[in-house]
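Everything below concerns the one structure shown next.
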Amino acid sequence: MSTVTRFAPSPTGYLHIGGLRTALFSWLTARHHDGTFRLRIEDTDLSRNSSEAMAAIIRAFDWVGLNYDGEVVYQSQRFDLYREYIDRLLDEGKAYRCYMPREELDTLREAQMARGERPHYDGRYRDFTGTPPEGIDPVIRIKAPQEGTIVIDDGVKGRIEIAADEVDDFIIARSDGTPTYNFVVAIDDALMEMTDVIRGDDHLYNTPKQLVIYEALGLTPPRFYHVAMINNEQGKKLSKRDGATDVMEYKTQGFLPEALLNFLVRLGWSHGDQEIFSLEEMIALFDPKDINKSASSYNLDKLLWLNAHYIKAKPDAELIELLKAFDVDLSTHPKATEILTATKERGKTLVELAEQIRLITEAPTTYDEKAAKKAFKGEAVDILKDFAFRLYKNQPKTQETFHDEMQRLVQDREIGFGKIGMPLRVSLLGSMTGAGMDEVMVILGVEETIARIEKAIAALA
RNA sequence: GGCCCCUUCGUCUAGUGGUUAGGAUCCCAGGUUUUCAUCCUGGUUACAGGAGUUCGAGUCUCCUAGGGGUCACCA
């Protein structure tokens, strides 16, 4: 039997990293077995749908490179299909109409809670045979088993037993006739022939309900894997501030999709001591049975480290393309390769990398105050002028010859390297840190190097 | 509150009865670098607590504590 998995978001918001991770786990499971990965939109609550959210989810999938098979399934377009199954359950006496008004249900629940009981429907219409009350559109409830236990054989958590009386005769169709979540999930997972369902463990308590549907309809349930949540760095529920943001936000913050995916796959899953996984390796090695039981915390440092790793490994041509979105266009720059080798290792994100590059490609307009003060003292200006003159006279062209100029200068003047290094650095880049001077000067060329030195002297001396 | 799940360095994790409890990140120190970053080397830090089973327990059982989830005509 071929493996079929799915990701089934509800279009009520953007895709965040928790969702992306379960999508990734599902996708990897399918790809590992050469199976099928489906995308299904859980939009049965017509009043809560947002086509923008829908588009955002697909955009995010696209960015990270998770491809799905077949057409996207929209549950809102399958109501007729669900209706057939509801009618069948009604005909077979496995479901029934409940005429209890919503308000009455509410007061019942309040009373139960006041008594310290678990709020639940009391089953008053379960065996109702009388004349239905006038003017009420009934909901349809399923007859859940009233005794015994419901067993979930979870691929992550193991065997979980839940007492049947924990499960109410829950509603499978609203009074307006539309079906509800737990019902359609079970129907679609069965009809779409899901073999493995990987989802957040906030769905764990939906599972017995869905199992009731499978049972009533004589359908075979898939294997379930309930994955623990991702918390923030403080171990609390993820909020917008710390990672529950739109996945696309990571793109604008300069993260590479391979870094994000690598980061997420290691949250709740591991393969020995391995930290770096290419997509191919993930597919080859991922097995949902290795998913951890416990919740994990989001850790920005690790994501940043991974991102730096993938930036360093990225071919220049691809980096040049990606950098365009961050106001850096090196595509026609004659020294693009040199610029990238000088800066690649200095940015944890594309945003930082772009800043590093701009330091070189754009002459500084301001100078770091502390750096300038420290560097431009004593004979610094004199040394810079001397150096500029030497450059003009000897016209070095390579990293080595530029380096020789500096070397000779410190020898001739019998000074330390820092005496030229610091003021030169501030002159060329505006700050005390950054790429190597030889590298920078080769990129700038003699003319621009001298121009920046003169500009700095004018501004700081 | 009922029910269910979870608990190894700050964080991500390895570990399936016998290990000096390993790796990664972070942090610190040293080296490389004229600077910074990278890179290399080294270091600090963990089995939530308590009983039990066993020659021996992070690993098995029970209890406690803490954290989380869930109890909708939301998904």
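Note that these values count all heavy atoms, side chains included, but never hydrogens, waters or copies made by symmetry. Chain A is the first sequence line, chain B the second, and so forth, proteins listed ahead of strands; every chain is numbered from 1.
In this structure, the CD atom of Gln274(A) is 20 Å from the P atom of G22(B), given to the nearest Å. For the pair Asp438(A) CG and C36(B) C1', the computed distance is 15 Å after rounding to whole Å. Distance CD1 (Ile152(A)) to C1' (U70(B)): 12 Å, rounded to an integer number of Å. Atom OH in Tyr205(A) sits roughly 13 Å away from atom C1' in G68(B) (whole-Å rounding).
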Close N or O pairs between protein and nucleotides 11-14 of chain B (under 3.5 Å):
| from | atom 1 | to | atom 2 | distance (Å) |
| --- | --- | --- | --- | --- |
| C12(B) | OP1 | Ser297(A) | N | 2.7 |
| C12(B) | O2' | Arg266(A) | O | 2.8 |
| C12(B) | O2 | Lys302(A) | NZ | 3.2 |
| U13(B) | OP1 | Gly268(A) | N | 2.1 |
| U13(B) | O3' | Ser270(A) | OG | 3.0 |
| A14(B) | OP1 | Ser270(A) | OG | 3.0 |
| A14(B) | OP1 | Asn292(A) | ND2 | 3.4 |

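Annotation: C6(B) and A48(B) have their P atoms spaced 14 Å apart (nearest Å). Comparing the C1' positions of G49(B) and U7(B) gives a spacing of 12 Å, expressed to the nearest Å.
Residues that satisfy the ring pair (Phe, Tyr, Trp, His ring centres under 6.0 Å) test with Tyr367(A), not counting sequence neighbours, are absent from this structure. Qualifying ring pair (Phe, Tyr, Trp, His ring centres under 6.0 Å) partners for His203(A), counting only residues two or more places apart in sequence or in other chains: Tyr181(A).
Closest to the side chain of Lys237(A), from the set G69(B), U25(B), A72(B), is G69(B).
When atom types are taken as modelled, the side chain of Glu166(A) and the backbone of Ala163(A) share no donor-acceptor pair closer than 3.5 angstrom.
Base-pair partner of G52(B): C60(B) (Watson-Crick or G-U wobble, both distances under 3.5 Å).
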